[in-house]
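Below is one structure; the comments refer to it alone.
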Amino acid sequence: MDAPHRRFNQLTGEWLLVSPHRTARPWQGQVEDTAPVSRPAYDPECYLCPGNKRAAGATTPAYDSTYVFDNDFAALLPTASGPSSGGLLRAEPERGICRVMCFDPRHDLTLAGMQVSAIRRVVDAWAAQTTELGDIPWVRHVQIFENRGAMMGASNPHPHGQIWATEHVPGEPAKEIARQQAYGECLLCDYLAVELDAGERVVCDNDEFVALVPFWAAWPYETLVLPRRHRGALPDLDDAARDGLADILQRLTSGYDRMFGVEFPYSMGFHQRPTDGEPYPELHLHAHFYPPLLRSATIRKFMVGFELLGQAQRDITPESAAERLRALSRR
Ligand code: H2U
Ligand code: ZN
């Protein structure tokens, strides 16, 4: 697998170039401990800390586990009013509800530093939001995500994520849904079985969930998190599966942090069954982690040039990325 080759992304139907000879060398860098966090547990300037004023005037209440509020600067509004046009200049109105979720009242924590029991409460809140927003008749899709770190555009280090419920299924999940439906049975159940058999791309696992570097990963340390059992959405997870997901999230994110001794930036999010009332039996719940770092805390991968104009490309192989992450994600 050292020669340049291309790999097929079964979830998107797109090809990826792999050029491992460019960095065909074993990892000799140091594995650093996570740098001590220098943030205070409470920051009077932070709009997400309990009791503080937010930019638009609302007050974040005193909360002691998770806290969800409507985004004060929402990208979408629940009322349909946008322009509509056809032909080559096609446009449609789009409705949505955008929320922010604080994972924990403590300003200095991140998922990686939180107790598994506290992450479990985040999982429960994600599931509850999926149900609540998905029950709104016009909401067809609930996208849960987290931007972590300034490099990924996060506006604040306080542990938080976002939830966007939309009238239409967005492009990325729509691509993956079409691929999973075209496959028939469950693409990701079959793929997970292949990966568990191979073993070399598995990062960490427990009785309920598996984190792996997908065979077709484009970002250097991209991972896919999957329930072992076929589940279509977060609300379908029972207690044991929610605990299992919390455990995997803690191990994976703390493993990321140990890689370069910094809070590893990423965008992560869940892809789950649309909420339009159709059954979608082929869809398998999963989370994607897309971290940009490549060689150090400051050297990131850019998706530019050939990637932007041709197709995605990577240097280190998914197998070597998995090997490093596996060593760092042990309990
Ligand atoms: P990000 O860090 O992922 O950008 O998420 C923070 C969100 O919080 C962002 O979308 C919102 C921003 O609009 N926000 C508020 O709702 N109220 C505020 O007082 C500041 C930021
Ligand atoms: Zn804060």
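Each ligand, and each atom within it, is numbered from 1 in the order the structure gives.
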NZ or CZ of Arg300 within 45° of Phe302 ring axis and under 6.0 Å:
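Ring-cation test returns yes.
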
Atom 19 (O) of ligand 1: the protein heavy-atom neighbour that sits closest, reported with distance to 0.1 Å
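So the nearest neighbour among protein heavy atoms is Ala55 N, 2.7 Å.
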
Among all protein heavy atoms, pick the one closest to atom 9 (C) of ligand 1 and tell me residue, atom and distance.
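For atom 9 (C) of ligand 1, the nearest protein heavy atom comes out as Asn71 ND2, 3.6 Å.
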
Going by heavy atoms, is Phe69 under 4.0 Å from ligand 1?
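True for this residue.
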
If I consider every N, O or S atom in His158, which one ends up closest to the Zn ion (ligand 2)? I only need its name.
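His158's closest N, O or S atom to the Zn ion (ligand 2) is named ND1.
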
Among the N, O or S atoms that His107 has, which is closest to the Zn ion (ligand 2)?
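Nearest N/O/S atom of His107: ND1.
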
Just jot down the ligand 1 atoms closer than 4.0 angstrom to any heavy atom of [X], in number order.
{"X": "Ser155", "answer": "1 (P), 2 (O), 4 (O), 5 (O), 6 (C)"}
{"X": "Phe73", "answer": "13 (O), 14 (N), 15 (C), 17 (N), 18 (C), 20 (C)"}
{"X": "Gln162", "answer": "1 (P), 3 (O), 4 (O), 5 (O), 10 (O)"}
{"X": "His160", "answer": "1 (P), 2 (O), 3 (O), 5 (O), 6 (C)"}

Charged N to carboxylate O below 4.0 Å: is that the case for [X] and [Y]?
{"X": "Arg39", "Y": "Glu263", "answer": "yes"}
{"X": "Lys301", "Y": "Asp315", "answer": "no"}
{"X": "Arg242", "Y": "Glu208", "answer": "no"}

Which of the listed options, Thr60, Asp72, Val100, Asn147, holds the heavy atom that is closest to atom 15 (C) of ligand 1?
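The residue whose heavy atom sits nearest atom 15 (C) of ligand 1 is Asp72.
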
Could you tell me the angle subtended at the Zn ion (ligand 2) by SG of Cys49 and SG of Cys46, rounded to 10°?
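My answer is 120°, to the nearest 10°.
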
Less than 4.5 Å apart, side chain to side chain, heavy atoms only: is that true for [X] and [Y]?
{"X": "Gln162", "Y": "Gln143", "value": "no"}
{"X": "Pro318", "Y": "Leu212", "value": "no"}
{"X": "Pro157", "Y": "His107", "value": "yes"}

Report the part of Glu146 in contact with ligand 1, treating N, CA, C, O as backbone and CB onward as side chain, heavy atoms under 4.0 Å; options are side chain, backbone, both, neither.
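Neither; nothing of Glu146 gets under 4.0 Å from ligand 1.
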
What do you reckon, does Ala56 have a nitrogen or oxygen under 3.5 Å from a nitrogen or oxygen of ligand 1?
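Such a contact does not occur with ligand 1.
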
Is it true that, when you exclude Gln115 itself, more than 12 heavy atoms of the residues, nucleotides or ligands shown sit nearer than 6.0 Å to its CD?
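No.
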
Under 6.0 Å from the CD atom of Glu94, do we count more than 12 heavy atoms belonging to anything else shown?
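For Glu94, atom CD is crowded (more than 12 foreign heavy atoms under 6.0 Å).
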
